[in-house]
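Here's the structure, in structure tokens; my notes come after.
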Amino acid sequence: LVIRNAQKATKTKHTTHSCGHIDRVQELVVSLSTETDEEMRNGYSKIIEEELELIRTINSQLREASKVWYDRYTKKGGN
């Protein structure tokens, strides 16, 4: 509910949970560490980079939403 309201406040289209993406990166790191085929290693590396960029985007959206809610709270006289 808070994230949905924050999305409306910041006009973001969608904020995804990042935990699944973090789990995916952890799995890929394990696979990468045991993979001997260079092409596969490059593929894992590319997917890891893409997942980390997605996590960065999600975190930026959450920071933006958090700031909006903080600003609203302090504007109304909160601590």
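Just so you know, these numbers use all the heavy atoms, side chains as well, and skip hydrogens, waters and symmetry mates. Predicted, not measured: the structure shown is a model, and the values here were computed from it.
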Glu50 CD to Arg24 CZ distance, which is reported to the nearest 0.5 Å: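 Going from the CD atom of Glu50 to the CZ atom of Arg24 covers 10.5 Å.
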Separation between OG of Ser18 and CD of Gln61, rounded to the nearest 0.5 Å: 10.5 Å
Residues that Arg56 engages under side-chain hydrogen bond (donor to acceptor under 3.5 Å, both in side chains), provided they are two or more places apart: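 So Arg56 forms a side-chain hydrogen bond (donor to acceptor under 3.5 Å, both in side chains) with Glu53.
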Residue list, side chain to side chain contact (heavy atoms under 4.5 Å, CB included) with Val29, at least two apart or on another chain: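 Applying side chain to side chain contact (heavy atoms under 4.5 Å, CB included) to Val29 gives Val25, Ile48.
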Side chains of Arg63 and Ser60, donor plus acceptor under 3.5 Å: yes
Determine, using the 4.5 Å side-chain heavy-atom cutoff (strictly less than), whether [X] and [Y] are members of one ILVMFWY cluster.
X: Leu62; Y: Leu54; answer: yes
X: Tyr44; Y: Val30; answer: no
X: Ile47; Y: Ile58; answer: no
X: Leu32; Y: Met40; answer: yes

Sidechain N-carboxylate O distance under 4.0 Å for Asp71, Lys75: no
Donor-acceptor pair, side chain of Arg41 and main chain of Glu35, under 3.5 angstrom: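 Judged by distance alone, yes, a pair lies under 3.5 Å.
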